[in-house]
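Note: hydrogens, waters and symmetry copies are ignored here, and every other heavy atom, side chains too, is used.
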Amino acid sequence: MDQLLAMRVFRAIVEARGFSAAAERLDLSHSTVSRQLKQLEASMGVQLLNRNTRRFALTDAGERYYRHCTDILARIDAMNAAMTGEGAQLSGLLRVTVPLAIGTLELQDWLPAFRARYPEMRLEVSCSDQFVDLVAERFDVALRISSAPLADSSLMAKRLAGSDTVLVAAPAYLATHGLPVNASDLAHHQLLAFTAAPVTWQLTDEKGHTERVAARGALAADAITALYAAALAGAGIAAFTERTARSELARGGLVRVLPQYHAGTSHYYALYPHTRHQNPRARAFIDFMADHYGSEPGL
């Protein structure tokens, strides 16, 4: 039995969630994939998967073996990459979870350059503003935007950039409701709230005086893209990172509100499981995103 091949087959079965998908990913026959798994289980004397004709699930031993397997294979791939000088030729699947702002509103700013640099890499992007368990869901990297310090966790974190939070509204909304002059004027406006973040805006003026404003209005949503669409439609005043709102601010679809106030700073982070720190694809993606945000003015 080829131990390394068997490990790659097992990892592919788990991550592709099936034998056929794993066979396609590795360019092997279904029978070869099945045989490799049987030989692997026989060599260790344990069952790694509970399976029937319709689905399978990892056993406890399978869960442990998968964690060790991914770590060992990542280290081997990293060693091979370092020894061969592999860079643009990185290949294989990278699974990434990102906030909706990065995965939709900012996608056009970074995806073309990433694809051009790593044309052989397959990128699977899951867009959600909800935090997910990277290990349980088998993601390699998570990008997150947070205005608060990250909670302690077993994940490794790399700060990519910071971006000021700005208040914005559509010209049509301001034409109807007027332009607020100071923070207290916001009490008379429709404020669009992001339910996954604090619903109180903290605004600091040029003299350092801070006011807290409850972001309550006709609409609250758990998706930044929904609030973005609502703001563009003239539903009210919303808070976004300057990076998220930049294109519409430049185009005139959105207008800064109360620019004399500082509304805080949000930070862009890359998170990844500590067992995958040697994954060359994950490392390449994180370094690329750090360069992407680091090269932008104001971030």
Side-chain angles (χ1 to χ4, degrees), residues 96-117 123 125 127-129 142-148 158-175 179-180 183 186 189-194 196-198 201-206 213 215 217 219 221-270 285-299:
V96 181
T97 172
V98 303
L100 286 165
I102 294 178
T104 56
L105 302 177
E106 301 180 21
L107 187 73
Q108 70 274 11
D109 297 331
W110 59 268
L111 182 60
F114 181 80
R115 295 292 301 129
R117 184 179 299 184
L123 189 64
V125 180
C127 302
S128 173
D129 285 329
L143 299 183
R144 289 287 172 249
I145 304 173
S146 177
S147 58
K158 177 181 177 64
R159 182 181 177 277
L160 303 176
S163 182
D164 286 344
T165 300
V166 295
L167 303 185
V168 299
Y173 173 85
L174 298 175
L179 186 68
L186 293 176
H189 283 268
Q190 294 295 321
L191 307 183
L192 308 179
F194 182 42
W201 296 344
Q202 185 168 296
L203 306 179
T204 304
D205 64 18
E206 296 166 337
V213 178
L219 175 68
D222 64 354
I224 282 292
T225 47
L227 292 184
Y228 201 71
L232 286 171
I237 299 172
F240 303 109
T241 67
E242 188 276 335
R243 178 66 192 83
T244 295
R246 181 181 298 171
S247 62
E248 286 297 335
L249 287 171
R251 194 180 67 84
L254 294 173
V255 177
R256 283 285 302 271
V257 173
L258 300 177
Q260 72 273 28
Y261 286 86
H262 179 61
T265 300
S266 291
H267 301 278
Y268 286 61
Y269 294 95
F285 179 78
I286 293 170
D287 290 345
F288 173 86
M289 296 306 291
D291 290 342
H292 165 68
Y293 288 117
S295 66
E296 294 191 349
L299 285 180

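Between Leu123 and Trp110, the shortest heavy-atom contact is CD2-CZ3, 4.1 Å. In plain terms, the two heavy atoms of Pro171 and Val255 that are nearest each other are CG-CG2, 3.8 Å. Nearest heavy-atom pair, Pro180 versus Leu174, reported as atom, atom and distance to 0.1 Å: CD-CD2, 4.3 Å. When all heavy atoms of Val213 and Ala183 are compared, the pair lying nearest together is CG2-O, 4.1 Å. Nearest heavy-atom pair, Thr165 versus Ser266, reported as atom, atom and distance to 0.1 Å: OG1-OG, 3.5 Å. For the pair Ile237 and Ala169, the tightest heavy-atom approach, listed with the atom from each and the gap, is CG1-CB, 3.9 Å.
Note that the CG atom of Leu167 and the CG atom of Leu192 stand 11.0 Å from one another [nearest 0.5 Å]. Rounding to the nearest 0.5 Å places OG1 of Thr244 at 6.0 Å from CG of Leu105. One finds the CG atom of Leu186 at 11.5 Å from the CD atom of Gln190 (value rounded to the nearest 0.5 Å). Of the inter-residue distances, the one linking His292 atom NE2 with Phe285 atom CZ reads 9.5 Å to the nearest 0.5 angstrom. Between the OG1 atom of Thr97 and the CG atom of Leu143 there is a distance of 8.5 Å, given to the nearest 0.5 Å. In this structure, the separation between CD on Glu106 and CD1 on Ile145 is 5.5 Å, given to the nearest 0.5 Å.
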Under the side chain to side chain contact (heavy atoms under 4.5 Å, CB included) criterion, do Leu232 and Leu254 qualify, and how do the steps go? CA-CA 7 Å; Leu232 286 171; Leu254 294 173; 3.7 Å; yes

Assess the residue pair Leu191 and Trp201 against the criterion (side chain to side chain contact (heavy atoms under 4.5 Å, CB included)); give the C-alpha distance rounded to whole Å, side-chain angles, the decisive distance to 0.1 Å, and a yes or no. CA-CA 10 Å; Leu191 307 183; Trp201 296 344; 3.9 Å; yes

Between Asp222 and Asp129, is a side chain to side chain contact (heavy atoms under 4.5 Å, CB included) present by the stated rule, with each step listed? CA-CA 7 Å; Asp222 64 354; Asp129 285 329; over 6 Å; no

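Two residues are said to be in side-chain contact when any heavy atoms from C-beta on lie closer than 4.5 Å; Val125 and Leu111 fail this criterion. A heavy-atom distance below 4.5 Å is found between the side chains of Arg117 and Asp291. Contact check for Arg144 versus Ile102: no side-chain heavy atoms found under the 4.5 Å cut-off.
The side chain to side chain contact (heavy atoms under 4.5 Å, CB included) search around Asp205 returns Lys207, His209, Tyr261, not counting sequence neighbours.
Less than 6.0 angstrom separates the ring centroid of Tyr173 from the ring centroid of His189.
Between His267 and Tyr269, the ring planes are tilted. Angles from 30° to 60° get that label. Using bins of under 30°, 30° to 60° and over 60° for the plane-to-plane angle, the ring pair Tyr268/Tyr293 lands in the tilted bin.
Heavy atoms of other residues, nucleotides or ligands lying less than 6.0 angstrom from CD of Glu206 number 12 at most.
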